[in-house]
2 protein chains.
Amino acid sequence: MNAAPASARNDRAGVVDAAMRVLAENGVPGLSMRRIADVLDVQVSALYWHFPNKQTLLAAVSERIVALADEAPDAAPDLAAIATTLRERLLAQRDGAELVSSSLALGLLELPSRTRLEAAALAAGLDEASAGIAADTVVHYVIGYTFHEQQRMHAAVVGAADASVDLAPAQIADSGDTFDAGLAMVVAGVRAAAGAHPGEGIASRSR
Amino acid sequence: MNAAPASARNDRAGVVDAAMRVLAENGVPGLSMRRIADVLDVQVSALYWHFPNKQTLLAAVSERIVALADEAPDAAPDLAAIATTLRERLLAQRDGAELVSSSLALGLLELPSRTRLEAAALAAGLDEASAGIAADTVVHYVIGYTFHEQQRMHAAVVGAADASVDLAPAQIADSGDTFDAGLAMVVAGVRAAAGAHPGEGIASRSR
DNA sequence: ACCTGAACACCGTTCAAGT
DNA sequence: ACCTGAACACCGTTCAAGT
């Protein structure tokens with residue numbers, strides 16, 4: 001299986017590597033098939049042997065972005081912790097949220113975090129249907145927030161040269177706190193759904 | 001097809017009208033400057049007299065999509081009702097959520113619903129900072145959910161001809177219920193934040 | 001005030017053909 | 001199994017020039 005000449009031939013992983021490099025340097029607007037081919041020193045058409053089209057290639061990039069680093073022992077599943085980890089993965093790559101959002105919407109990507117969020121919601125006491133909805137709700141919040149954040153980061157860079165837009169530095173600096181505050185609301189809402197269903201009344205607060 | 005009289009000059013509103021028509025027929029992927037120009041029976045370059053670039057034109061389209069029909073008497077501001085109205089506006093136009101999401105992220109669009117959501121959150125008892133965060137959280141949920149939903153609607157149409165993907169019809173049919181369920185969680189979380197701050201809750205900050 | 005005509009520098013995708 | 005070369009049908013944007 002490894003008798004192939006290691007010289008100029010690429011595989012899917014290599015193409016994704018190249019795409020990640022183009023993404024880091026040029027962002028989504030500059031992530032073209034031709035640019036990826038250039039990095040690999042190959043014709044554009046060569047990419048179509050590895051992937052049927054650009055969206056599928058982008059989905060493979062997205063998959064790498066959201067791949068969980070730790071397959072290790074899962075501590076108690078915690079909604080906020082899983083959401084925060086997802087956000088960090090998205091932030092680690094330029095335009096990560098945009099890429100993942102689009103791959104997800106096209107049904108070309110499965111989100112490992114979503115499975116974990118669903119498990120956490122179940123563990124918190126939600127029924128199966130509600131747990132799925134809760135997981136999606138958290139995912140929409142995280143991706144929506146981070147997408148917005150990353151686009152504004154880019155706008156800030158362009159705007160700096162442009163001198164037409166200026167964001168207060170504080171507005172950017174404390175975006176982590178703002179994310180956490182919004183996340184806390186969503187998580188509180190999910191917890192409220194846990195209390196509502198199985199118990200007998202609306203206000204069966206055990207804590 | 002139905003070109004305007006050759007003598008009639010266009011204005012910004014007319015260009016947006018044309019763009020809305022192209023959007024309805026071709027969706028975002030087919031919403032090109034050339035197609036818009038064709039509808040107006042005009043050269044592409046003519047569009048650049050009205051708008052500095054495509055993104056600004058798209059922001060004007062987004063603005064029309066989210067414009068509130070009723071400037072009328074505001075009943076008691078209700079988070080869920082405002083969110084539902086926003087979703088309906090987005091669903092009324094093909095790829096509406098995608099368009100609005102991108103204009104919003106680029107800072108080219110102000111969302112009337114956001115102002116109303118903020119007011120509703122204040123009325124519910126949140127402080128000013130939290131009300132803004134609550135409004136953004138609801139907006140992220142609504143846009144994220146609807147974006148995902150609309151992309152899947154299109155994928156379903158393509159997939160039907162494609163015969164490669166099939167969504168359970170039930171999955172699509174009850175998407176309204178699923179939206180409401182997720183929204184209920186978010187709204188409950190916002191309400192929880194109202195109870196926490198001003199009273200004698202967990203963190204009693206002197207103010 | 002609003003538009004034409006033409007160009008520039010790009011795109012994604014296909015396909016016969018090569019090795 | 002993996003790639004080349006060339007083509008096709010598009011893009012957004014600019015700009016001198018027209019009325």
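Lettering of chains follows the sequences in order, A, B, ..., and the numbering in each one begins at 1.
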Please determine, for the side chain of [X], which listed nucleotide ([options]) has the closest atom?
X	options	result
Val42(B)	dC2(D), dG12(D), dT4(C)	dT4(C)
Ala46(A)	dC3(D), dA1(C), dT4(C)	dC3(D)
Met33(B)	dT4(C), dT14(C), dG12(D)	dG12(D)
Lys54(A)	dC3(C), dG12(C), dG5(D)	dG12(C)
Tyr48(A)	dG12(C), dC2(D), dT4(C)	dG12(C)

Inset, instruction - Please test Leu68(A) against Ser113(A) for side-chain contact (heavy atoms from CB on, under 4.5 Å), starting from the C-alpha separation and ending with a verdict. - result: CA-CA 8 Å; Leu68(A) 294 176; Ser113(A) 298; 4.2 Å; yes
Separation of atom [atom1] in [X] from atom [atom2] in [N], rounded to whole Å:
X	N	atom1	atom2	result
Asp41(B)	dC3(C)	CG	C1'	12 Å
Leu47(B)	dT13(D)	CG	P	10 Å
Gln43(A)	dT19(C)	CD	C1'	15 Å
Asp38(A)	dC10(C)	CG	C1'	12 Å
Phe51(A)	dT13(C)	CZ	P	13 Å
Arg12(B)	dC3(C)	CZ	P	14 Å
Trp49(B)	dA1(C)	CH2	P	6 Å
Asn26(A)	dC11(C)	CG	P	10 Å

Inset, instruction - Just call it for Asn53(A): base, sugar-phosphate, or nothing, with non-hydrogen atoms closer than 4.0 Å on any strand. - result: sugar-phosphate
Inset, instruction - In whole angstrom, give me the gap between the C1' atoms of dA9(C) and dC10(D). - result: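 Result for the C1' pair: 13 Å, nearest Å.
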Legend entry - Gap in Å between the two C1' atoms, one belonging to dC11(C) and one to dC8(D), rounded: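 Here dC11(C) and dC8(D) have their C1' atoms 12 Å from each other.
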Legend entry - Backbone N/O of Ala80(B) and side chain of Thr84(B): donor-acceptor pair under 3.5 Å: yes
Inset, instruction - Look only at the side chain of Arg35(A) and the backbone of Gly30(A), and say whether a donor-acceptor pair between them is shorter than 3.5 Å. - result: yes
Inset, instruction - Under a 3.5 Å limit for both distances, which nucleotide forms a Watson-Crick or G-U wobble pair with dT13(C), could you say? - result: dA7(D)
Legend entry - Watson-Crick or G-U wobble partner of dG18(D), both distances under 3.5 Å: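 In the structure as shown, dG18(D) has dC2(C) as its Watson-Crick or wobble partner.
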Inset, instruction - Considering just the side-chain nitrogens and oxygens of Asn10(A), establish if one lies under 4.0 Å of OP1 or OP2 belonging to dC2(D). - result: no
Inset, instruction - Would you tell me if any nitrogen or oxygen in the side chain of His50(B) comes within less than 4.0 Å of OP1 or OP2 on dA1(C)? - result: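 Indeed not, no polar side-chain atom of His50(B) lies that close.
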Inset, instruction - Kindly state whether the ring of Phe147(A) and the ring of Phe147(B) have centres lying under 6.0 angstrom apart. - result: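 No.
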Legend entry - First of Leu31(A) and Ser45(A) reached from the 5' end of DNA chain C, by closest nucleotide: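 On the 5' side of the pair lies Leu31(A).
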Inset, instruction - Indicate the ring-plane relationship of His140(B) and His148(A), choosing parallel, tilted or perpendicular according to the 30° and 60° boundaries. - result: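 Plane angle over 60°, so perpendicular.
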Inset, instruction - Starting at OH of Tyr145(A), measure out to CG of Leu183(A) and round the result to the nearest 0.5 Å. - result: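 Answer for the OH-CG pair, Tyr145(A) versus Leu183(A), is 10.5 Å.
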